[in-house]
Chemist: 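Take a look at the following structure, please.
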Number of protein chains: 2
Amino acid sequence: MANLENIRIVLVGPLYGGNVGSICRAMANMGLSELVLVAPSENLNLAEARMMAVAAGDIFEKRRVVATLEEAVGDCGLVMGTTVRPGLYRQHVKTPRDWAPAILASAAVNPVALVYGRENSGLTNEELAICTNLIQIPSSPDYASLNLAQAVMVCIYELYVASGTFELPVEKSSECLTATREQMFKMWREMLLDIGFMNDEKSDHMMLGIRRILSRAPLTTDDVNILMGIARQMTWKSRQKDNLQ
Amino acid sequence: MANLENIRIVLVGPLYGGNVGSICRAMANMGLSELVLVAPSENLNLAEARMMAVAAGDIFEKRRVVATLEEAVGDCGLVMGTTVRPGLYRQHVKTPRDWAPAILASAAVNPVALVYGRENSGLTNEELAICTNLIQIPSSPDYASLNLAQAVMVCIYELYVASGTFELPVEKSSECLTATREQMFKMWREMLLDIGFMNDEKSDHMMLGIRRILSRAPLTTDDVNILMGIARQMTWKSRQKDNLQ
């Protein structure tokens, strides 16, 4: 989707290759592809990055490396900073879910940057000042600080969901029609009488229980065919035994 | 929050300590604490797990290790399996966001298990059959498979958000009252006339532009005080210069 492709992940001073690689994979999972590293650590473990990127190695190989945040976001409209600490510049924060529609709308016009700070110290006040808006990820006050790759994942997952591109797999078998379902209950009633599970007097009450169990979630036509097959076979077996006696 | 504490993360056959540690941290971030490993790899790197858990090492140390999935979930009501592949047993899948309310409601009564498969092969059909429901995380069809720790994070982040426990920090300064804002615009008008930025004839039109710029987002009382201070100082400076000439 075009809007997602126009969203850039900017990592300021990343220390660990594993995180950078995990972020590449997360980006591929959520339809993003543009990664910029600002002054990454000289000790960034490239082998670890490639290992954690798994099948998203192309995003890592195409990464851009620049010296300053200004260079990384000069051509962007919205520049979204992430922070876990309240304080100066940090009053107008919203959650990733709240920001998602505005980010996608802006990405239809200009590149949008999502900016993440160093693993150990986040973004400086100077870097936060360059950001046009701030994101705070909901997390427990007892341990608010997310791993860098996890923080990126939560934000871009929200963008992917908000983009509306994802659809759950379609049911192979649609919800069963009432007439078929009632036919199935009729067969079960006969079968349960036949095998002596209930007598005629108790049957209405018992069938309410059976209906309750089998109606708690929607039944597909496939489901009902299986249930009718059981009733049919059980009835046949039960009568066969009676005939043998 | 009690409901979150009743949600158990069950990892079946995990291979990598780094993932297990990252999951401990994610759990602490999202208010969970109970981790069960089913037949973990004998080569699971414990040091790596402790390193990636960072401040959530207590969750890792308190982990329970069992031999089978049945043991891990025997006392649970809902057992949610995660899968990326459609197929047998996989028709009734929903997203983590769709499932979240039902999971939280069930966790108020019985423990709920979220079950995740091996990094390389997921859950077997036998393991999926034990699950009462299935979760599929929205992801790009081009690279649908998330890292294990990322998959856990997305699910429990959705639960944390749905639990309603998180609140954004309150604005220190509330939205400015209209009377104060209008006073500020009056001061800016006088100042912009004073310094010769505009003349009287153009001033109404120009002030509409200024209003548009300053009204695009809500202004707090603090913001308006800063803007009034600028106008006041500029007017003073401008008149001082005029007096010196």
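Every value quoted in this text rests on a predicted model; they were computed, and no experiment measured them. Chain A is the first sequence line, chain B the second, and so forth, proteins listed ahead of strands; every chain is numbered from 1. Below, each value reflects all heavy atoms present in this structure, side chains not excepted, and no hydrogens, waters or symmetry copies.
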Chemist: Using every non-hydrogen atom in the two residues, find where Tyr143(A) and Ala53(B) come nearest and quote the distance to one decimal.
Modeler: OH-O, 4.0 Å
Chemist: Just so I understand: if I count every heavy-atom pair under 4.5 Å between each of Pro141(B), Ser145(B), Ser22(B), Ala144(B) and chain A, which residue has the most?
Modeler: Ser145(B)
Chemist: Does atom CZ of Phe60(A) have more than 12 heavy-atom neighbours from other groups under 6.0 Å away?
Modeler: yes
Chemist: For the residue pair Ala26(A) and Gln150(B), what are the closest heavy atoms and their distance?
Modeler: CB-NE2, 4.0 Å
Chemist: If you define the side chain from C-beta out and look only at heavy atoms, does anything of Met153(B) sit under 4.5 Å from Leu146(A)?
Modeler: yes
Chemist: First locate atom CG of Asn29(B), then atom CD1 of Ile137(A), and finally report the distance between them rounded to the nearest 0.5 Å.
Modeler: 9.0 Å
Chemist: Of all heavy-atom pairs between Met30(A) and Ser139(B), which one has the smallest distance, and what is that distance?
Modeler: CE-CB, 4.2 Å
Chemist: How close do Val93(B) and Leu168(A) get, heavy atom to heavy atom, and via which atoms?
Modeler: O-CD1, 3.6 Å
Chemist: Can you say whether Ala55(B) sits under 4.5 Å from chain A via the side chain, the backbone, both, or neither, judging by heavy atoms?
Modeler: both
Chemist: For a quick test of reading the model, state the closest non-hydrogen atom pair linking Tyr157(B) to Pro138(A) and the distance between them.
Modeler: CE1-CD, 3.9 Å
Chemist: Measure Ala28(A) against the heavy atoms of chain B and call it side chain, backbone, both or neither at under 4.5 Å.
Modeler: both
Chemist: By a 4.5 Å heavy-atom criterion (distance strictly below it), what part of Asn147(A) contacts chain B: side chain, backbone, both, or neither?
Modeler: both
Chemist: Once rounded to the nearest 0.5 Å, what's the spacing between atom CZ of Phe166(B) and atom CD of Gln136(A)?
Modeler: 4.5 Å
Chemist: For Gly31(A) and Ser140(B), work out which heavy atoms get closest and say how close.
Modeler: N-CB, 4.1 Å
